[in-house]
Structure formats: structure tokens, C-alpha cells
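A quick write-up on the structure given underneath.
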Amino acid sequence: MLHSSSPEVDAFGSRDADFPHLVQTEADITETPMLIDLTDQIGDLQFTSTLPEEVRQALAGIASQRTIASGQFLCREGESCSELFLIASGHVGLDMFVPGRGQVRVMTLGPGDVLAWSALVGNQGATATGVALEETEVIAFPDDALLQLCQTNHDVGYPLMRELAKAISHRLVASRLQLLDLFYEGSH
Amino acid sequence: MRTVACPSQVVDPWLAHTVRIVSITDEVEGVATYHLEFADADTADSYSFLPGQFNMLYLPGVGEAAISISSDPSAQGTLDHTVRIAGNVTGELARTDVGSTFGLRGPFGSSWPIDDCAGGDVVIVTGGIGLAPLRPAIYEFLNRKSEFGHITLLYGARNPFGMLYTSEYDDWQLRGLNVNTTVDRSSQAWQGNVGVVTQLLDRMPVPDPKKTSVLCCGPEVMMWYTARSALGRRIPKDRIWVSLERNMNCAIGLCGHCQFGPTFVCKDGPVIRYDRVASLLKVEGF
Ligand SMILES: Cc1cc2nc3c(=O)[nH]c(=O)nc-3n(C[C@H](O)[C@H](O)[C@H](O)COP(=O)(O)OP(=O)(O)OC[C@H]3O[C@@H](n4cnc5c(N)ncnc54)[C@H](O)[C@@H]3O)c2cc1C
């Protein structure tokens, strides 16, 4: 489910700590009709580019393409999110709420990145809030259909989960590098 | 100053030339660019350097420090050095004023492989003060823009206030450099990328990896992961260059301060092809 930002929210999601009004603005979300075969688009994205053709076809069968307007939320920290997203174009900010500081941007995601995997790995709530920083194209996979596909067809499930593990491990290394604070003393 | 086609050779590597500080630009906290001119007109005429080379700045009674040249190798203006306060020499330099003089030996070391990049795309990956030794390469690429494909700068900083040369980005962009920045820690006002610089490399299009060159300078951990990202994007090992700026003393391969196995960073580097240096990166105690 997509959430829209409240009117006073700026395009990059600088906003109050809580989310009192979740106003869905249909005009901001464009969904491509399911008739379009997304196999090729899925193959173009780094996350899924190395998956075999049959796996991409199976994924395309449950996927839809969306255009997310700037400022629109894809998931919210602590809340369950029912879809996994692959970013095709545009950028999404990942924000975490820190008491006393409000929303702090911890990472920016871009084309080829995967977003909102929490449900797929068994977590109840999203670990961060994802907000579109500009008009962003995503390919969305409903979690229940995706989980069912993975469980019933291991030829899809195994390679997909492997790619997901790779993406999570990349994200972990990136977070560690951020933690190292490499540029604190300069580069020499 | 003029650009030369082969690596610049120093006639007498021990000879220190007197330079005068013409002006100082405060870049970010603890970092300033010193715009220098030679006291002697003949030296000014004959001095040349290649992008990536460094000088030894000598402050009498204090010591010497290796500092990369950060100006345009083909421009007639001042010889620039961007310096972060680290210890004795750089700390003392930070206390000097416009008009002061000190000694300079150089240029030393290898240079960025500008000619080898011709005919393909170029990705410059750097962080923090690592942009300083790459700025002459950026000028050179832009001066010879038609020889290269897409030229991209991926630049990471600790926070939005830690970025060097920000006033030049618009001009670079206009002249054909695709400038992408990211910060490790964002602020409310920052609307750009957040995350480590290698992530920008992970997601940028690399249409022809075999003809793409990566030039990288920054903390060694960053260079290590940049090389891994580049290899992951199918860019060949022999098209990745890093600048190793390990502790050094004589700058001419004599004292052994910067020696690792057969490699002297001062003489064989600082710019070294990744496949020749992969085993040196992240080696503790060196
Ligand atoms: C080829 C080359 C190019 C360089 N270019 C620049 C530049 O453009 N701008 C810039 O600000 N600095 C640059 N440096 C780094 C600079 O030479 C060092 O920071 C130097 O030690 C400063 O001298 P100092 O007397 O001020 O500090 P020192 O009193 O010598 O040392 C300060 C501290 O830094 C440590 N240290 C010294 N050198 C290094 C090093 N290379 N790596 C890690 N730790 C070190 C020392 O152990 C000490 O703890 C370069 C180094 C090399 C080898």
C-alpha cells in the first residue's frame, strides 16, 4: 500500500514525527495495466538482471509498474508494508525517526535498488520510512503472492532469496562503511 | 606552467625552490587551498606537472610534507595545494599568511592515466580531501573533453559541509562532467544522496565496462570497496587506478619509508593500477 504525504510535507519528506493524516492522493499514483509484460523491465534492473528468464517471467506475472509522485511514501517505519518494490528510475529516501531529532535520512536508494523487504523476511513492520524524492518508477510485487511463489516454486524462490540476501549484504556493508566515518580525518 | 606528454622529471630532486603564498582559499573546516607562485621566474617557466603528482612542501625548522598538486596543469595561474591540517608541517602551514615563503621540491610520482582513458567512459570516485589530487585530472579531462565518452564524478563526504570545491561544480557540469555527490550523514537542508560513495557506482549505468576507466582516491577502505564495486560492474582490473598516499619521507625511492615489497609508493605511485596494488590495500602497519 502506498501512503501519501500530508500537504505540509515537502518533497523530501521533512516532516513531523508522527503521521496523523494518511491521505491517499490517487492522482499521484499511476498504475500500469497488468496486461503489460514486465519481464524485460525486470531483466533491466540490477537486482533481477542475473535471474534466469523463467524466474523473471514468473515474477512479471505478479508484478505491476507504478509511478510514485515526489513526496509520496512507499513504506512507513513500524508499519506493515504489503509490497516489495524495485526502483526502476528516480530516488527514494530512507528515513528513521529519532526522538528529539525527527526524521533522519540514513540512505538514499536509486535505480536497481530493492525496497520494503521486511515482510518477505518475516518482519512485521518496515524498518524505515521510504519517501520518493522525485517522480519515481517502481515495479511492485505483492508480498503474499511473492511469498507463495517462492514457497511453491523453489526454482524461483531460491534464486530470488539469494539475490535478496546479496542486496541485504550490500546494504549492510554500505551501512558499516557509513559507521566507519571514513572522512572524519580526511583521506590521508 | 605547461603540460608535458611524459612524466615530469625533477632535475635535482633535493633542490627546494622558494614559493610564495599568493592567496589562501578556506575550503572546509581544517582544509585550505594555498595558491603558490615561484619566487624565481625561470623556475616558474620551466616547472610542469602531470595530474596526480605531488610536491614536498618544506617549512624550515618544521619539516616536509607530501602534498598533491590540485590546480589545472595547463593553466598559467598559480600552483595550488589543498591541505588538511594533520600534524607539524600542515599545522604550521595553516598559521602562515599570504606573502609568506617556504620551500617546494617536486613534482614527484606517477600521474593519472589520462591518455589511457581516451575513447571510453571515465568514472572518478573519491571522498573527502581525495578530490584534491583528482582535480587536475578533472581539468585535464574537461580540457580534452572530445577524446572521452561520459565523464562522471562520484564524490562522497562526511556531511554536506565537508565537500571541496563546491563553487566549481556548476562549471564542471556545464563543461560535461556529470557530478554526483553523496554524504554519510545528512542534515535537514541536504536534499541530495545519503550513503557511501560506492553505492553510486553500484547503481550508475556502465554501458561498456571494458572501455570504462575508474580513477579513485580516498581512504584505503573506500578504495578497496570501490574496486570491488567496479569489478562487480565488470570493469576490468587493469582499468582501475588508485592513489596510494602512504607515509613517505624522501619522495625518490631511497629511504624506504613507503616501501612495501618491491613497491615504493613515492616512486612507483602514488597513482598505481589496481591489479598491481590490490595486495597492498588494507595492509595493516604499512
Ligand atoms: C603522495 C601523497 C600526497 C598527499 N597529498 C596530500 C594533499 O594533497 N593534501 C593533504 O592535506 N595531505 C596530503 N598527503 C598527506 C600528508 O602528506 C600527510 O598528512 C603528512 O603527514 C602531513 O604532514 P604533517 O607534518 O603535517 O603531519 P605529521 O606530523 O607528519 O603527521 C600527522 C599524523 O598523521 C600520520 N600520517 C602521516 N602521514 C600519513 C599518511 N600518508 N597516511 C596516514 N597517516 C599519516 C602520522 O603518523 C601522524 O599521526 C599526501 C601524502 C602523500 C604520500
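Only this structure's heavy atoms are used, side chains among them; waters, hydrogens and symmetry mates stay out. Residue numbering restarts at 1 for every chain, and letters A, B, ... go by the order of the sequence lines. Since this is a predicted model, take the numbers as computed values, not measurements.
- Taking chain B as the reference chain and counting heavy-atom pairs below 4.5 Å, the highest number among L109(A), L94(A), V104(A) is found for L109(A).
- Between D184(B) and R158(B) no salt bridge is recorded (no basic side-chain N to carboxylate O distance below 4.0 Å).
- Remark: R84(B) does not engage E27(B) in a salt bridge, criterion side-chain N to carboxylate O under 4.0 Å.
- Using a 4.5 Å cut-off between heavy atoms, Q178(A) touches chain B through backbone and side chain atoms alike.
- By the side-chain contact (heavy atoms from CB on, under 4.5 Å) test, T48(A) pairs with I42(A), L45(A), L51(A), L59(A), L86(A), sequence neighbours left out.
- Looking at every heavy atom in both residues, Y139(B) comes nearest to S70(B) through CE1-O, 4.0 Å.
- S229(B) pairs by the side-chain contact (heavy atoms from CB on, under 4.5 Å) definition with T198(B), L201(B), D202(B), not counting sequence neighbours.
- Under the 3.5 Å distance criterion, with hydrogens and angles disregarded, no donor-acceptor pair is assigned to the side chains of S70(A) and E134(A).
- Legend: side chain to side chain donor-acceptor pair (under 3.5 Å) pairs involving residues 141-150 of chain A, not counting sequence neighbours: none detected.
- Of the atoms belonging to R228(B), not a single heavy atom falls under 4.5 Å from chain A.
- Looking at A157(B), the atoms closer than 4.5 Å to chain A (heavy atoms on both sides) all sit in the backbone: N, CA, C or O.
- Side-chain atoms of Y155(B) and V179(B), non-hydrogen and from C-beta on, never get closer than 4.5 Å to each other.
- Residue-level contacts of residues 154-174 of chain A with chain B, in order of numbering, are H170(A), R171(A), V173(A), A174(A); threshold 4.5 Å between heavy atoms.
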